[in-house]
There are 2 protein chains.
Amino acid sequence: MTRTTQGETCGLGAALDVIAGKWKPTIVWQLHARPLRFGELRRLVPGISEKILFEQLRQLEADGVVHRRDHAEVPPRVEYSLTPAGAALNTAVHALAEWGTRHGRAARAQAALAESTG
Amino acid sequence: MTRTTQGETCGLGAALDVIAGKWKPTIVWQLHARPLRFGELRRLVPGISEKILFEQLRQLEADGVVHRRDHAEVPPRVEYSLTPAGAALNTAVHALAEWGTRHGRAARAQAALAESTG
DNA sequence: ACAAGTACTTACAATTACGTAAGTGCTCCT
DNA sequence: AGGAGCACTTACGTAATTGTAAGTACTTGT
């Protein structure tokens, strides 16, 4: 999205640059409990392609949100986990998630339905 | 970004659908204090084109975040303001913004610089 | 020998978001 | 009469993001 050209007054732009990929929130969410291998992550995020998963992991790594640990074994074993910054991001994101549940598109559709139904 | 096809376990996807446009955070931020007219908004968000501003306002309106009040005058006068949901979103977004200031790309670059310089 | 799994990697196509430029009908100002 | 401002609206083009399909080198299981 490359929002960095804008002179955002606060860090919001920077945060959105990090988390606003189509699959990134899901990836971070899956990692919040324990480290996961590439294949596990692929299975836990249904619909994502290997290429995209890999790309977004690289970006999250570059942004200091996930840590990549290569065990240098054969067959390959690589574990992805959240850095402290990643864990903090996961926390910071909870307020947004709650807003989504309460006011987001789906929630509003539900509310409208409830209103019309009775 | 159309994340809605994904079965997000929480409302995060919904929230990001609403706020993740390139200019949307800035727009919402500008509206947090007082209602603004289209032209005011355009001047307060330098770099945005009329088309994009209009599009993103429409989406924010459809998502229940901003309210559009047409005074039905001539020359036209239209005021945009935050709905209660919009105000809540603005609040929810603060945690993210703070994360950005502390851990975001720019902040990390700064930190790295400070480390190498002194 | 052959299929399947590991974690990537490449080339290319499709989709989506964003941007540029111009036009609409109206009124006020000079 | 000419220009500027209001709030849009349209047509079209570019750039970014995501997706599809296949291939790499290696090992394990049948």
Side-chain angles (χ1 to χ4, degrees), chain A residues 1-6 8 13-14 16-28 30-31 35-63 66-81 105, chain B residues 1-8 13 16-28 30-31 35-63 66-81 105:
Chain A
M1 194 144 288
T2 313
R3 201 181 318 263
T4 36
T5 45
Q6 245 177 110
E8 290 272 352
L16 286 172
D17 270 350
V18 171
I19 198 65
K22 180 169 178 183
W23 304 94
K24 286 179 185 174
T26 312
I27 294 170
V28 170
Q30 292 294 349
L31 289 174
L36 293 171
R37 300 179 58 173
F38 186 89
E40 290 180 295
L41 217 35
R42 175 163 42 98
R43 281 184 292 272
L44 285 168
V45 184
I48 198 173
S49 73
E50 294 191 331
K51 180 199 153 193
I52 299 298
L53 176 54
F54 180 71
E55 271 182 19
Q56 309 227 335
L57 279 172
R58 275 225 154 162
Q59 292 171 17
L60 288 170
E61 195 193 349
D63 288 335
V66 319
H67 175 70
R68 176 179 181 277
R69 181 174 181 196
D70 189 341
H71 291 260
E73 296 171 4
V74 123
R77 186 155 74 97
V78 178
E79 278 184 342
Y80 292 93
S81 56
R105 231 195 291 269
Chain B
M1 193 145 287
T2 313
R3 203 181 317 263
T4 36
T5 45
Q6 247 176 108
E8 290 271 350
L16 287 171
D17 270 349
V18 171
I19 198 65
K22 179 168 178 185
W23 306 93
K24 286 179 184 174
T26 312
I27 293 170
V28 169
Q30 292 294 350
L31 288 174
L36 293 171
R37 299 179 59 175
F38 186 89
E40 290 180 296
L41 218 34
R42 176 163 42 97
R43 281 185 292 271
L44 284 168
V45 184
I48 197 170
S49 72
E50 294 191 331
K51 180 199 154 195
I52 299 297
L53 176 55
F54 180 70
E55 271 182 19
Q56 308 227 336
L57 279 172
R58 275 224 152 164
Q59 292 170 16
L60 288 170
E61 195 193 350
D63 288 336
V66 318
H67 175 71
R68 177 180 180 277
R69 182 173 179 196
D70 189 341
H71 290 260
E73 295 172 5
V74 123
R77 185 156 73 96
V78 177
E79 278 184 343
Y80 292 92
S81 55
R105 233 195 289 269

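None of the values given here were measured: they were computed from a predicted structure. Chain letters run A, B, ... following the sequence lines, proteins first and then strands; every chain starts at 1. In what follows, every heavy atom counts, from backbone to side chain, and hydrogens, waters and symmetry copies are set aside.
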K.L.:
Hey, which of these two, A:I48 or A:V74, hits DNA chain D nearer its 5' end, going by closest nucleotide?
P.N.:
A:I48
K.L.:
With the sugar-phosphate defined as primed atoms, P, OP1 and OP2, and the base as all remaining atoms, what B/S/- string results for nucleotides 4-13 of chain D, 5' to 3', for protein heavy atoms under 4.0 Å?
P.N.:
--BSBSBB--
K.L.:
Tell me, please, which residues at least two apart from A:R42 pass side chain to side chain contact (heavy atoms under 4.5 Å, CB included).
P.N.:
A:F38, A:E50, A:L53
K.L.:
Heavy atoms under 4.0 Å, any strand shown: does B:Q59 hit a base, just sugar-phosphate, or nothing?
P.N.:
nothing
K.L.:
Are A:Q56 and D:dT18 close enough that a side-chain N or O sits under 4.0 Å from OP1 or OP2?
P.N.:
yes
K.L.:
Only counting residues at least two apart or in another chain, list the ones meeting salt bridge (Lys or Arg N to Asp or Glu O under 4.0 Å) with A:R68.
P.N.:
A:D70
K.L.:
Take the C1' atoms of the five end pairs on each side of the helix from C:dA1-D:dT30 to C:dT30-D:dA1, derive the two axes, and give their angle rounded to 10 degrees.
P.N.:
10°
K.L.:
Would you say a side-chain N or O of A:K22 is under 4.0 Å from OP1 or OP2 of C:dT15?
P.N.:
no
K.L.:
Report the residues that fulfil side-chain hydrogen bond (donor to acceptor under 3.5 Å, both in side chains) with A:R43, sequence neighbours left out, ordered by chain and then residue number.
P.N.:
none
K.L.:
For the pair made of CG in A:L57 and P in C:dT9, what is the distance, rounded to whole Å?
P.N.:
12 Å
K.L.:
With a 4.0 Å limit, can you tell me whether A:W23 has a side-chain N or O closer than that to the phosphate oxygens OP1/OP2 of D:dG19?
P.N.:
yes
K.L.:
Which donor-acceptor pairs under 3.5 Å do the side chains of residues 54-62 of chain A make with protein atoms, sequence neighbours left out?
P.N.:
{"unit_1": "A:Q56", "atom_1": "OE1", "unit_2": "A:W23", "atom_2": "N", "d": "3.4"}
{"unit_1": "A:Q56", "atom_1": "OE1", "unit_2": "A:K24", "atom_2": "N", "d": "3.3"}
{"unit_1": "A:Q59", "atom_1": "OE1", "unit_2": "A:K24", "atom_2": "NZ", "d": "2.8"}

K.L.:
Round to a whole Å and report the spacing from CD of B:E55 to P of C:dA17.
P.N.:
9 Å
K.L.:
How close do B:P35 and B:E40 get, heavy atom to heavy atom, and via which atoms?
P.N.:
O-OE1, 4.4 Å
K.L.:
Between A:L16 and B:P25, what is the shortest heavy-atom contact and its length?
P.N.:
CD1-CG, 3.4 Å
K.L.:
Which residues pass the side chain to side chain contact (heavy atoms under 4.5 Å, CB included) test with B:P76, sequence neighbours left out?
P.N.:
none
K.L.:
Work out which heavy atom in A:Y80 is nearest to a heavy atom in A:V66; give both atom names and the distance.
P.N.:
CD2-CG2, 4.3 Å
K.L.:
Rounded at 0.5 Å granularity, tell me how far CZ in B:R69 sits from CZ in B:R77.
P.N.:
7.5 Å
K.L.:
To the nearest angstrom, how far is A:I52 atom CD1 from C:dA13 atom C1'?
P.N.:
13 Å
